[in-house]
Amino acid sequence: MIIIGLGCGLGNQMFQYAFYLSMKKRYPEAEIKIDSRYAFIEEHNGIEIDRVFGITIPKCKLEERRKFSEIPLNKSILARLFFKIRNTTGIHKKSFYKQRDYTEYYPEVYDFNEKENKYLLGVWGNERYFRDFRKEIQEQIFIFQLPLNDNSERICQHIRCVESVSVHVRKGDFVQYKNHIMGSLYYKKAMEYIESYLENEVYYFVFSDEMDYARSLFDGMSNVKYVTGNCKNENWMDMYLMSICKHNIITNSSFGFWGAYLNRNDNKVVIAPNQSFGTCKNPFTCEEWILIDET
């Protein structure tokens with residue numbers, strides 16, 4: 001049996017589920033399940049991929065998760081201390097595999113003995129894990145199932161009738177986790193590249209978890225629409241609207257990555273920052289996307 005941990009925000013859950021699919025393809029005879037209860041501390045809106053995409057999660061049983069994982073079942077100080085000690089010493093259960101860098105590609109996960117039991121904890125935020133079935137991901141798996149609200153429906157119509165470019169600005173929880181926040185210079189360089197590449201007049205649709213900060217970046221621009229109102233359980237609508245824009249400028253977050261990745265425009269231009277997430281090594285990007293340095 002292989003169990004894959006799932007949690008954090010929607011973007012991370014999508015990486016984890018795509019990784020689950022890659023493991024299903026690599027180990028067709030293995031029983032593969034998902035731990036969506038204990039793998040990660042609940043954040044944002046909890047588990048969302050089932051509600052947003054109509055995905056049925058093959059959940060593992062509590063006893064299966066306890067047997068193969070080292071993650072504490074409760075939030076007590078003692079349980080967390082024991083988990084921290086095991087991480088520090090590097091002494092783990094043979095069945096427990098923790099991804100060292102959430103953005104790195106580790107090919108050894110495809111070399112396990114199919115008869116061994118494994119619990120895999122990570123984000124798997126590297127598109128190499130699912131590059132071989134991109135079309136399936138875009139056209140069959142991550143298909144938004146819920147109706148748009150009235151405001152998003154109006155914005156959807158606007159996006160479709162202009163040379164639309166989504167711009168994702170992330171700040172909110174990045175402050176708490178001390179993750180790098182992309183500033184005005186990055187967005188200025190990204191917009192200059194987009195406008196030098198496209199012949200038609202560009203219209204920017206700005207999505208952000210902290211709109212006051214986003215407005216300060218683009219103050220005075222007339223060709224900008226700030227998309228507001230999609231909060232909490234409706235946050236997925238921002239990702240959908242980003243995905244139907246003709247082109248994308250993303251920030252260093254998994255949410256922005258998927259907004260651009262699900263864009264099925266064959267001629268799309270995607271600009272991503274050459275900036276890793278947190279202490280990880282790599283940015284969230286694809287081979288054909290344009291990486292721009294902030295400095």
Side-chain angles (χ1 to χ4, degrees), residues 9-11 44 148-232 234-261 263 265 268-278 283-285 289-295:
L10 179 59
H44 305 294
L148 296 174
N149 58 34
D150 291 344
N151 183 55
S152 290
E153 189 63 55
R154 287 191 292 270
I155 293 169
C156 178
Q157 300 307 315
H158 190 181
I159 285 172
R160 294 188 186 282
C161 67
V162 295
E163 190 73 73
S164 52
V165 180
S166 75
V167 180
H168 188 218
V169 179
R170 183 81 172 264
K171 184 179 181 183
D173 60 341
F174 275 23
V175 175
Q176 175 187 350
Y177 294 113
K178 298 180 180 179
N179 193 25
H180 182 80
I181 298 165
M182 304 309 299
S184 59
L185 182 58
Y186 163 69
Y187 291 104
K188 180 176 183 293
K189 292 169 73 173
M191 289 176 169
E192 286 175 350
Y193 184 95
I194 285 280
E195 291 174 17
S196 70
Y197 185 87
L198 301 177
E199 295 181 357
N200 298 327
E201 183 180 359
V202 172
Y203 202 97
Y204 297 104
F205 293 82
V206 176
F207 303 85
S208 180
D209 61 347
E210 193 159 320
M211 198 55 79
D212 286 344
Y213 173 68
R215 290 179 189 276
S216 73
L217 297 175
F218 313 113
D219 185 42
M221 293 181 61
S222 59
N223 57 338
V224 172
K225 169 68 177 178
Y226 298 97
V227 181
T228 59
N230 295 331
C231 303
K232 297 184 178 180
E234 293 185 332
N235 192 38
W236 63 268
M237 295 186 195
D238 278 359
M239 184 184 291
Y240 171 75
L241 293 171
M242 284 191 268
S243 76
I244 65 168
C245 287
K246 295 182 175 64
H247 313 281
N248 311 93
I249 295 173
I250 70 170
T251 190
N252 51 326
S253 82
S254 58
F255 191 94
F257 171 92
W258 285 105
Y261 192 84
N263 180 350
N265 176 17
K268 69 181 178 184
V269 176
V270 178
I271 308 292
N274 192 18
Q275 172 68 49
S276 63
F277 176 81
F284 293 122
T285 188
W289 294 0
I290 308 298
L291 288 178
I292 288 183
D293 292 309
E294 187 171 32
T295 57

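Keep in mind that what you see is a predicted model, and the values were worked out from it rather than measured. Both backbone and side-chain heavy atoms feed into the values below; hydrogens, waters and symmetry mates do not.
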Asn252 CG to Phe174 CZ distance, which is reported to the nearest 0.5 Å: 5.0 Å
Student check: side-chain heavy atoms of Val165 and Ile271 closer than 4.5 Å: no
Approximate separation, where rounding is to 0.5 Å, of Ile250 CD1 and Ser166 OG: 8.5 Å
Closest non-hydrogen atom pair between Leu291 and Pro273, with its separation: CD2-O, 3.7 Å
Indicate every side-chain donor-acceptor pair of residues 214-226 with a distance under 3.5 Å to a residue at least two apart or in another chain.
from: Ser216; atom 1: OG; to: Tyr213; atom 2: O; distance (Å): 2.5
from: Asn223; atom 1: ND2; to: Val202; atom 2: O; distance (Å): 3.1

Tyr197 vs Ile290, side-chain contact (heavy atoms from CB on, under 4.5 Å): CA-CA, chis, key distance, verdict: CA-CA 12 Å; Tyr197 185 87; Ile290 308 298; over 6 Å; no
Heavy-atom closest contact (Glu234 atom, Gly229 atom, distance): OE1-O, 3.9 Å
Atom pair CD1/CE of Ile292 and Met182 - distance to nearest 0.5 Å: 9.5 Å
Exercise: identify the closest heavy-atom pair between Arg160 and Tyr240: NH2-OH, 3.2 Å
Main-chain N/O of Gly278 paired to Asn179 side chain as donor or acceptor, under 3.5 Å: yes
Lys/Arg N to Asp/Glu carboxylate O, Lys171 vs Asp209, below 4.0 Å: no
Approximate separation, where rounding is to 0.5 Å, of Ser164 OG and His247 NE2: 7.0 Å
Spacing of Asn151 atom CG and Thr228 atom OG1 [to the nearest 0.5 Å]: 6.0 Å
Rounded distance (nearest 0.5 Å) linking atom CD of Glu195 with atom CD of Glu163: 11.0 Å
Derivation and outcome, side-chain contact (heavy atoms from CB on, under 4.5 Å), residues His168 and Asp238: CA-CA 9 Å; His168 188 218; Asp238 278 359; over 6 Å; no
Backbone of Pro283 reached by a side-chain donor or acceptor of Asn274 within 3.5 Å: no
Closest non-hydrogen atom pair between Lys268 and Tyr261, with its separation: NZ-O, 3.8 Å
Phe284/Thr251 under side-chain contact (heavy atoms from CB on, under 4.5 Å): CA gap, chis, key distance, verdict: CA-CA 9 Å; Phe284 293 122; Thr251 190; over 6 Å; no
Whether Asn265 side chain and Lys246 backbone form a donor-acceptor pair below 3.5 Å: yes
Nearest non-hydrogen partners of Trp289 and Ala260, listed with the distance: CH2-CB, 3.8 Å
4.5 Å side-chain heavy-atom contact, Met237 and Val227: no
Other residues, nucleotides, ligands: >12 heavy atoms within 6.0 Å of Gln157 CD: yes
Over all atoms of both residues, closest heavy-atom pair of Tyr204 and Ile249: CE2-CD1, 4.2 Å
With His158 via ring-ring contact (aromatic ring centres under 6.0 Å, His included) - residues at least two apart: Tyr203, Phe205
